[in-house]
Amino acid sequence: MFKNIFGSSSEGSSPSKVNWHDLTKVSDLDALVAESTEKPVLIFKHSTRCSVSRMVLKQFENGFTAEDSITPYFLDLLNHRDVSNAIADRFGVYHQSPQLLVIKDGKAIFDASHESIDASDLKQFV
């Protein structure tokens, strides 16, 4: 029953329509910051063990339409907690999961977490 409501982390789900760029190393943040001077980037921090995070991710992916205007980065924070910690330090944001950050000109200009994450909020940054 719960699998039908929340899904399962091992189930085969339909592929995402978002062309995610994986964040797997702290050094990836330098490239992301440089890219943010040309066009905004977003970071979606996701916990693969959390049903709330999974639900928010799916809702975000279903509503995301700004692919041409903002580059989406995905962080599996359970496998890359060091990157998550570096994000918190570098951009001055408190760690949460799920969490969405928008980076422009090397600075975090927006962050949201949990049910406050909404893909339509991105329109104001593109």
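Along the sequence shown, residues carry numbers from 1.
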Handout entry: Test side-chain contact (heavy atoms from CB on, under 4.5 Å) applied to F44 and E61, step by step
Key = CA-CA 10 Å; F44 193 102; E61 288 178 328; over 6 Å; no
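At a threshold of 4.5 Å between non-hydrogen side-chain atoms, the residues H46 and R54 count as touching. The shortest distance between side-chain heavy atoms of L100 and V56 does not fall below 4.5 Å.
Separation of atoms NZ (K39) and OG1 (T71) is listed at 3.5 Å; rounding is to 0.5 Å. The OH atom of Y94 sits 12.5 Å away from the CG atom of D111 when rounded to the nearest 0.5 Å. To the nearest 0.5 Å, atoms CG (L57) and CZ (F64) are separated by 12.0 Å. Atom OG1 of T48 sits about 6.0 Å away from atom CG of N79, to the nearest 0.5 Å. In this structure, OG in S47 is found 13.0 Å from CD in Q96, a value given to the nearest 0.5 Å.
Clustering of Ile, Leu, Val, Met, Phe, Trp and Tyr by side-chain heavy atoms under 4.5 Å joins L101 with L23, V26, L29, L32, V33, V41, I43, Y73, L75, L77, L78, V83, I87, F91, V93, I103.
Partners of D30 according to the salt bridge (charged side-chain N to carboxylate O under 4.0 Å, His left out) rule, which considers only residues two or more places apart in sequence or in another chain, are R90.
Across all non-hydrogen atoms, the minimal contact from N62 to K17 is O-NZ, 3.1 Å.
For the side chain to side chain contact (heavy atoms under 4.5 Å, CB included) test with F60, the passing option among D118, L42, D121 is L42; the others fail. The residue from S113, P98, S97, S84 that alone fulfils the side chain to side chain contact (heavy atoms under 4.5 Å, CB included) condition with K45 is S84.
Counted within 6.0 Å of NZ on K123, heavy atoms from surrounding residues, nucleotides or ligands total 12 or fewer; the atom is thus considered open.
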